[in-house]
Amino acid sequence: MGGAVSAGEDNDDLIDNLKEAQYIRTDRVEQAFRAIDRGDYYLDGYRDNAYKDLAWKHGNIHLSAPCIYSEVMEALKLQQGLSFLNLGSGTGYLSTMVGLIIGPFGVNHGVELHKDVVEYAKQRLDDFIKNSDSFDRFEFCEPHFVVGNCLEISSDSHQYDRIYCGAGVQKDHENYMKILLKVGGILVMPIEDQLTQITRTGQSSWESKNILAVSFAPLVPQSRTDGCKPEAVVLPPLSVRSLQDLARIYIRRTLRNLTNEEQPARNNTQRAPQKRKRRRCRRRRRINTYVFVGNQLIPQPMDSEEDECIEEESKEEEQEKDIEPVKPEEPRVNHLRDKILSLPLPESLKAYLLYYREK
């Protein structure tokens, strides 16, 4: 599933294309997508495909197409302080973006069937916290992942404000998913080849809205061949932050606000449009279909009209290069880190405020 927008050269380029095609429509969703480089969730040797609007699968590791994640993030209508449950959390890519929006006083849980994928997600999360400057530019709700079948969640589990299921849901499992949702909450999941937004309006009332046609692999039911009752999935507890952790959050917030006031020009998160965007506007009108054959993604052939379009765009691109070369962007400075390191504090306290990040 995918191919609704043309490929980008890097993460920002991909986000520009998703914005132009109206898959990304709000600033907070755009900021989250720009903060998390999709390529960081690909295995070495496969990153060249990271910025195409295509799903990717290798073994048990799977990423949906960027256009799908965009629609999901917009449909969830995320806000600070909400609780979020990701059923089929996979690599943790979506959960990490959600964590940037719901902030440190939210709840961010994920359930994933495959243990090796949970380990992969934890590695990607650890790398983001230790190495990404985006961690210092946002207040973050760290995801917590558990291994298990999301159809076997304990019946006494707490409910959530927002839920996403990343696998196809059969009609007979729809009510099971709804029970996990708080009144006023939003559930986004694929049902019968339609990505659907469900809002719980009361104890027994719901509103549903189809978002777009999709094709997802179905949820895997727990095997009951031995006649034994499957082990229930216990979700992470709703914990209260310590006073020490709260102090770190508020100190970092205060220092971040100070650096934002001192450096107002850098707060513009919108990228300046580039002239080559006219080329991409024309290309995004086509939608290719891709199918999985084993672990390979096979595209259907393009027609002649699309080939002509690409040739025209190549000429236009050459003309634009002759008119005005694109200036490389200056590397971003981590002002919060610099501010913390300049404080007259013990080194151990500075390290704590930096979450022991080395860069």
Side-chain angles (χ1 to χ4, degrees), residues 23-33 64 68-89 92 94-111 138-146 148 150-192 194-212 214 216 219 232-241 246 249:
Y23 285 104
I24 293 178
R25 299 178 290 276
T26 58
D27 289 342
R28 64 176 56 188
V29 170
E30 178 189 353
Q31 291 166 10
F33 268 88
S64 294
I68 301 296
Y69 283 134
S70 303
E71 288 287 4
V72 169
M73 290 284 286
E74 292 288 357
L76 286 170
K77 299 182 179 179
L78 297 164
Q79 301 173 22
Q80 286 194 357
L82 295 179
S83 57
F84 172 68
L85 176 63
N86 191 350
L87 300 174
S89 49
L94 180 73
S95 293
T96 302
M97 288 195 292
V98 169
L100 298 178
I101 298 178
I102 63 178
F105 303 113
V107 174
N108 197 350
H109 294 164
V111 180
F138 292 80
E139 291 187 332
F140 185 53
C141 182
E142 183 176 337
H144 295 276
F145 305 111
V146 297
C150 61
L151 293 174
E152 302 296 339
I153 293 175
S154 177
S155 59
D156 60 352
S157 170
H158 37 267
Q159 296 176 313
Y160 292 82
D161 298 302
R162 300 290 188 269
I163 300 174
Y164 171 63
C165 181
V169 178
Q170 303 298 319
K171 266 294 183 180
D172 52 353
H173 293 142
E174 181 178 351
N175 288 334
Y176 168 86
M177 298 292 180
K178 289 178 176 179
I179 296 301
L180 297 170
L181 193 64
K182 291 181 180 179
V183 174
I186 296 174
L187 164 65
V188 178
M189 60 182 179
I191 305 177
E192 297 182 340
Q194 284 288 332
L195 188 64
T196 305
Q197 179 196 62
I198 299 175
T199 304
R200 187 168 190 173
T201 56
Q203 288 295 337
S204 56
S205 58
W206 318 82
E207 291 181 358
S208 297
K209 175 185 176 182
N210 289 339
I211 301 172
L212 80 163
V214 293
F216 277 70
L219 285 171
V233 175
V234 179
L235 295 172
L238 300 179
S239 58
V240 178
R241 291 184 180 271
L246 289 172
I249 290 169

Is [X] reaching over with its side chain to a backbone N or O of [Y], donor-acceptor style, under 3.5 angstrom?
{"X": "Asn108", "Y": "Cys141", "answer": "yes"}
{"X": "Gln80", "Y": "Gly106", "answer": "no"}
{"X": "Gln194", "Y": "Asn210", "answer": "no"}
{"X": "Arg241", "Y": "Pro104", "answer": "yes"}

Rounded to the nearest 0.5 Å, how far apart are [atom1] of [X] and [atom2] of [Y]?
{"X": "Thr196", "Y": "Leu212", "atom1": "OG1", "atom2": "CG", "value": "9.5 Å"}
{"X": "Tyr160", "Y": "Leu181", "atom1": "OH", "atom2": "CG", "value": "12.0 Å"}
{"X": "Leu151", "Y": "Leu219", "atom1": "CG", "atom2": "CG", "value": "5.0 Å"}
{"X": "Lys178", "Y": "Thr199", "atom1": "NZ", "atom2": "OG1", "value": "11.0 Å"}
{"X": "Ile101", "Y": "Arg162", "atom1": "CD1", "atom2": "CZ", "value": "11.0 Å"}
{"X": "Ser64", "Y": "Phe216", "atom1": "OG", "atom2": "CZ", "value": "4.5 Å"}

Please determine if Glu74 and Arg28 form a salt bridge, counting it only when a charged side-chain N lies under 4.0 Å from a carboxylate O.
no
Beyond-backbone contact of [X] with [Y], side-chain heavy atoms, under 4.5 angstrom:
{"X": "Gln31", "Y": "Leu100", "value": "no"}
{"X": "Gln159", "Y": "Leu85", "value": "no"}
{"X": "Trp206", "Y": "Leu187", "value": "no"}
{"X": "Ser83", "Y": "His158", "value": "no"}

Next on the checklist: Taking NZ in Lys77 as the centre, count heavy atoms belonging to other residues, nucleotides or ligands within less than 6.0 Å. Is the count above 12?
Outcome noted: no
side-chain contact (heavy atoms from CB on, under 4.5 Å) with His109: of Pro237, Ser89, Pro236, only one passes, and it is Pro236
Partner of Tyr164 under side-chain contact (heavy atoms from CB on, under 4.5 Å), picked from Leu87, Val188, Ile186, is Val188
